[in-house]
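Quick note on labels: first sequence line is chain A, next is B, and so on, each numbered from 1. Note that these values count all heavy atoms, side chains included, but never hydrogens, waters or copies made by symmetry.
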Protein chains: 2
Amino acid sequence: MRSLILVVEDEAPIREMVRFAAERAGFAVAETGDAERALVEVADRRPDLVLVDWMLPSMSGVELARRLKNNDSTRSLPVIMLTARGEEDDRVRGLESGADDYITKPFSPRELIARIKAVLRRYRPHDDDAAVVCDDLSLDPVNHRVTAKDAVLDMGPTEFRLLHFFMTHPDRVYSRDQLLDQVWGQNVYVDERTVDVHIRRLRKALDVHGHDRYIQTVRGSGYRFSSKG
Amino acid sequence: MRSLILVVEDEAPIREMVRFAAERAGFAVAETGDAERALVEVADRRPDLVLVDWMLPSMSGVELARRLKNNDSTRSLPVIMLTARGEEDDRVRGLESGADDYITKPFSPRELIARIKAVLRRYRPHDDDAAVVCDDLSLDPVNHRVTAKDAVLDMGPTEFRLLHFFMTHPDRVYSRDQLLDQVWGQNVYVDERTVDVHIRRLRKALDVHGHDRYIQTVRGSGYRFSSKG
DNA sequence: TTGCAATGTTACATTTCCGTTACAGCGGGC
DNA sequence: GCCCGCTGTAACGGAAATGTAACATTGCAA
């Protein structure tokens, strides 16, 4: 049985409707009205999906979504945002915060189910937390640590996620768009050239002694990580 | 230059805004108010994306999306639906009809661009990525790499696309015009003699040892790629 | 063979793409 | 509050790729 967590302020109609719809779709529903509490629930229950109301007492829904997406252990958790505001700027901020989709209130149970299914369908589950080894490199997702020949490499979070993606998908060219999708998130709208900069930073971090031979540029297409030097 | 087709009834604000946003994002915009006409435009212009208004005179946007998704040649074409607020049931039908996303009016240029980019990013992996092998040559579209007897051949992007087309259409004569259409694009006009130059460059790249026997000149007609030496 | 048109080859200016650096904004930790 | 690390954007310079033109060569026909 799949499960979802509903984070919503005290709004009886919404709560009842979501419960009705979700249970019809085969989801177990847990709910809380407090964002801090929601973080604990997520860690505890490990749900398949989180529904977050835009307005929350202690923390905004945007902030909650952002926190979930900034945490490595919850990044792969789909988040749908509930919002009453038709003001488009807020909706963009909702998407940019990392939410995978949003629904504008009022909405029907049918729409909710359709969106849940759509999000789960297009969501690709992240790889598990197994350590990854390529040639001389060893990456430990749990401890956020990369070592090359017993030397611990220093890099930022984005560079780490980028390297993690590369090491789990080696020897294949990825466009900047695809990398943004996979490493930054599907609803993040940043300039493609940002990838270049982080590639540079990652190369610098990997370049312990001598030239980095892992990341290759494929002109006009993107970048490729080579598993064997 | 990427292009999109906007299918919308006579609504000047929407049309102007989409045009503004799309051009800023580097899209050429073609528009029509008629769904039947849109199907023709799609076949003709082969756009990268279609924006469909939910309300259309001759055919509903839902119906148009369904038709596009039921046709093999247009199935991989991303469709975004534009819909007025408050019709959540319709929005569900929009998603179920096969549209890849929808935007609720009113929306900002920023949101539109974000959604367009997200949808295109999602679609990129559906590119044809089957390896092609002819005689001694092996072409890998994913890695943009060509090998001949374990030797990696070095060539530019245009030469690569040219060779890719040849290897997927061997043993047939193509005129310079046809090659420009297939390899450069339908609405790009460059001098026909440019083909000669790139043929030359490709021949040079393929000419590892001895004379290249793959590309033959058919005087007065064009070039032919021979699958077997 | 000669002449002409088609094609091969090379050179070069322009454009596009990428590496690199600098910097401002933002959030977290103290 | 302040400092500091991380992030995304902009700007600049250089390298690769492209398209055009000029010249050389080939092939066909008269």
Lys/Arg-Asp/Glu bridge criterion (N-O < 4.0 Å) met for A:Lys204, A:Glu159 | no
Starting at CD1 of B:Ile199, measure out to CD of B:Gln216 and round the result to the nearest 0.5 Å.
-> 11.5 Å
Value in whole Å for how far the C1' atom of D:dA10 lies from CZ of A:Arg200 | 17 Å
Looking at B:His144 versus B:Phe160, is the centre-to-centre ring distance below 6.0 Å?
-> yes
A:Phe160 atom CZ is separated from D:dG5 atom C1', nearest whole Å, by 18 Å
Is the gap between the ring centers of B:Tyr174 and B:Phe165 under 6.0 Å?
-> yes
Nearest heavy atoms of B:Ser3 and B:Pro47, plus distance in Å = OG-CA, 3.3 Å
Under-4.0 Å side-chain N/O to phosphate OP1/OP2 contact, A:Tyr223 with C:dC17 | no
The helix from C:dT1-D:dA30 to C:dC30-D:dG1: angle between end helix axes, five pairs per end, rounded to 10 degrees = 20°
Apply side-chain hydrogen bond (donor to acceptor under 3.5 Å, both in side chains) to the pair B:His198 and B:Thr158, showing each step before the final yes or no.
-> CA-CA 7 Å; B:His198 283 277; B:Thr158 302; 4.5 Å; no
Does B:Arg172 have any salt bridge (Lys or Arg N to Asp or Glu O under 4.0 Å) partners at least two apart in sequence or in another chain, and if so, which?
-> none
Lys/Arg N to Asp/Glu carboxylate O, A:Asp154 vs A:Arg145, below 4.0 Å | no
Atom-pair distance (NZ on A:Lys204; P on D:dT7), nearest Å | 15 Å
Quick one: are A:Leu162 and A:Phe225 in side-chain contact, heavy atoms under 4.5 Å?
-> no
For the pair made of CG in A:Leu162 and P in D:dG8, what is the distance, rounded to whole Å?
-> 11 Å
B:Leu202 CG - C:dT9 P separation (whole Å) = 13 Å
Of the listed nucleotides C:dT9, C:dC18, C:dG8, the one nearest the side chain of A:Asp196 = C:dC18
Over how many whole Å does the gap from B:Ile215 atom CD1 to C:dG8 atom P extend?
-> 10 Å
Can you give one letter per nucleotide of nucleotides 17-30 of chain D, 5' to 3': B if a protein heavy atom sits under 4.0 Å from the base, S if only from the sugar-phosphate, - if neither?
-> SBBBB----BB---
Nearest whole angstrom, please: distance from the P of C:dG19 to the CD1 of A:Ile199.
-> 8 Å
